[in-house]
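Please read the structure below before turning to the comments.
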Amino acid sequence: MVTRTHPLSQQLLPSKPNWRYQLQQAINTPEALLEALALPPELLKGAQEGHQQFRIRVPHAFVERMERGNTADPLLRQVLPLKDEAHSPDYYLSDPVGDLASSKVPGLLHKYQGRVLLIATGACAINCRYCFRREFPYSGQSAASAQFGPALDYIAQHADIHEVILSGGDPLLLRTRQLRQLSEQLAQIPHIRRLRIHTRLPIVLPDRITDDLLAWTQQLPWPLAVVVHCNHAQELDATTVNALQRWRHAGAHMLNQSVLLKGVNDSAPAQSNLAQALYQAGVLPYYLHLLDRVKGSAHFEVNSTQAQVIMEQLRLQLSGYLVPRLVREQAGAPYKLPVL
Ligand SMILES: *Cc1c(COP(=O)(O)O)cnc(C)c1O
Ligand code: SF4
């Protein structure tokens, strides 16, 4: 069989652009986001104001799952700045969860017994409007910026640390080669028993889940838990489900954490659909977080009474293992506090 190739056009328009190219092409202006979804121009001013505080960033792969013209789309709401961002009560803070206080060495948070959180990089593929990171100076805090040296030393010196959580930002924004180097250094520390990865990339940029990445995680010397971040069943399109399933079949325990967000997933049907769709993709619900009260996010708040009503309905409708744990993070608390 003769296969004809057109080298030049393939270079200009790759049929399957790799993840780094997709990341580079991510939407990063209010104008481009409104245009891509045919949204009304009235939204522009609020979007521009919010964009100046915390810039818009969203990969096309995620935008493609939004409904054109729908200003209430649950995926759009997570990334489009609204005028409301300028109006947060005083108790909405810059560092609501006390991360600065628990930062032991650059890029390492040791808040809870037995486990540490490594800020592998400060960057994310998507900027979620409700994220506590919008106010946190993570760029100067990433462990990669210090070549991980101080963070690795700290872990090595604390024999009671048994689990390392690669987080961020999004650790999968590092190249696989860097991740491999990091895990090789961690493997020198005998008291580490478990590795965990907190990432939203399988959801927002599923092509990041390459064969090379899976080959890396498959040969790790510890059991691996992957905690993804998906807030709504509509985020789970075929490519995303495929990425999640491939990772599970490569041996990772797949879990999900989400944030309870007004106008996004604040109903029992939305939560029930999410839990069931996740399970079909091989992922178990882990945490459902009450909103961290970070400046600019007040319009997303669902209060704990409303949250408890939703949880009661979920318990009625779903198998026990499909019900996430509702938690609130409180600065200084020794674990994420269950909201019962
Ligand atoms: C959330 C978090 C963890 C992990 O907590 P688990 O309850 O084990 O999921 C660890 N360290 C920090 C700093 C965290 O914020
Ligand atoms: S992916 Fe996670 S860390 Fe990144 S902006 Fe969204 S909520 Fe924040």
Side-chain angles (χ1 to χ4, degrees), residues 23 26 28 50 53-59 62 75 77-81 95-105 107-136 138-139 141-143 151 154-155 161-173 193-205 208 225-232 235 253 255-261 264 284-292 294 296-297 300 324-338:
L23 191 63
N28 59 7
Q53 298 302 313
F54 181 52
R55 68 193 193 90
I56 289 180
R57 182 165 160 102
V58 50
F62 196 71
L75 280 57
R77 298 263 318 176
Q78 298 177 48
V79 297
L80 175 69
D95 180 19
V97 297
D99 271 357
L100 280 177
S102 55
S103 178
K104 301 296 173 189
V105 293
L108 192 82
L109 302 181
H110 193 184
K111 258 192 204 181
Y112 305 146
Q113 266 179 41
R115 53 222 197 268
V116 286
L117 189 145
L118 192 64
I119 299 167
T121 164
C124 276
I126 185 167
N127 282 342
C128 311
R129 305 313 301 177
Y130 50 85
C131 181
F132 64 92
R133 197 178 60 92
R134 59 181 290 157
E135 292 281 327
F136 191 73
Y138 269 170
S139 42
Q141 279 288 324
S142 99
Y154 181 92
I155 299 168
I161 295 172
H162 297 310
E163 179 172 3
V164 175
I165 303 169
L166 306 185
S167 184
D170 202 306
L172 293 194
L173 284 191
R193 300 176 190 162
R194 294 180 285 281
L195 191 74
R196 194 190 321 180
I197 297 176
H198 281 183
T199 176
R200 204 174 186 197
L201 283 200
I203 309 298
V204 300
L205 195 63
R208 172 64 184 100
V226 173
V227 184
V228 299
H229 170 186
C230 177
N231 293 315
H232 194 281
E235 291 169 44
H253 298 277
L255 302 168
N256 180 62
Q257 55 182 339
S258 55
V259 184
L260 188 55
L261 299 165
V264 174
L284 281 173
Y286 180 37
Y287 282 144
L288 176 59
H289 296 266
L290 288 182
L291 186 74
D292 292 324
V294 65
S297 70
F300 285 115
R325 285 157 243 197
L326 180 67
V327 290
R328 168 168 21 119
E329 191 154 346
Q330 191 173 293
Y335 44 81
K336 297 187 204 302
L337 298 176

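Note that ligands are numbered from 1 as they come in the structure, with each ligand's atoms numbered from 1 the same way. In this chain, residues are counted from 1 in sequence order.
- The shortest non-hydrogen separation linking Val264 to Asn231 is CG1-CB, 4.4 Å.
- Among protein heavy atoms, atom 14 (C) of ligand 1 sits closest to Lys336 NZ, 3.2 Å.
- Looking at Gln257 and His289, their side chains do bring a donor and an acceptor atom within 3.5 Å of each other.
- Residue Leu201 comes nearest to Leu173 through the heavy atom pair CD1-CD2, 3.7 Å, listed as atom of the first residue, atom of the second, then distance.
- Listed for the Arg134 side chain is a donor-acceptor partner under 3.5 Å among the backbone atoms of Arg129.
- When hydrogens are left out, the protein atom nearest atom 2 (Fe) of ligand 2 is His229 ND1, 3.7 Å; that is the closest non-hydrogen contact.
- Scanning all protein heavy atoms for the shortest distance to atom 6 (P) of ligand 1 gives Tyr286 OH, 3.5 Å.
- Contact atoms of ligand 1 toward Glu329: 15 (O) (distance under 4.0 Å to a heavy atom of the residue).
- Of the heavy atoms in Arg115, only side-chain atoms (C-beta onward) come closer than 4.0 Å to ligand 1.
- Nearest to atom 4 (Fe) of ligand 2 among the protein's heavy atoms is Cys124 SG, 2.2 Å.
- Taking atom 12 (C) of ligand 1 as the reference point, the nearest protein heavy-atom neighbour is Leu117 CD1, 3.6 Å.
- Remark: distances from the non-hydrogen atoms of Asp170 to ligand 2 are all 4.0 Å or more.
- With respect to the salt-bridge test (charged N to carboxylate O, under 4.0 angstrom), the residues Glu163 and Arg115 do not qualify.
- When each of Leu261, Val294, Asp292 is tested with Phe300 by the rule side-chain contact (heavy atoms from CB on, under 4.5 Å), just one qualifies, namely Leu261.
- Taking each heavy atom of Ala125 and Pro59 in turn, the nearest pair found is O-CD, 3.4 Å.
- Residue contacts with ligand 1 do not include Glu163, since none of its heavy atoms lies under 4.0 Å from the ligand.
- For Asp170 against Thr121, the heavy-atom pair with the smallest separation is O-CG2, 3.1 Å.
- Annotation for ligand 2: atoms under 4.0 Å from non-hydrogen atoms of Ile126 are 1 (S), 4 (Fe), 5 (S).
- Taking a cut-off of under 4.0 Å to the non-hydrogen atoms of Arg200, the atoms of ligand 2 that pass are 1 (S).
- Aromatic ring centres of Tyr335 and Tyr112 lie farther apart than the 6.0 Å criterion allows.
- Atom 7 (O) of ligand 1 has Tyr287 OH, 2.6 Å as its closest protein atom, hydrogens excluded (heavy atom only).
- Asn127 pairs with exactly one of Arg133, Arg55, Gln78, Arg57 by the side-chain hydrogen bond (donor to acceptor under 3.5 Å, both in side chains) rule, that one being Arg133.
- Shown here for Cys230 and Asn256, the closest heavy-atom pair between the two residues is N-OD1, 2.8 Å.
- Atom 6 (Fe) of ligand 2 has Cys128 SG, 2.3 Å as its closest protein atom, hydrogens excluded (heavy atom only).
- In terms of protein heavy-atom proximity, atom 8 (Fe) of ligand 2 is nearest to Cys131 SG, 2.3 Å.
- In this structure, Arg196 is part of the shell of residues with a heavy atom less than 4.0 angstrom from ligand 1.
- Taking a cut-off of under 4.0 Å to the non-hydrogen atoms of Ile165, the atoms of ligand 1 that pass are 3 (C), 4 (C), 10 (C).
- By the 3.5 Å distance cut-off applied to N or O atoms, Tyr112 is not counted among the residues near ligand 1.
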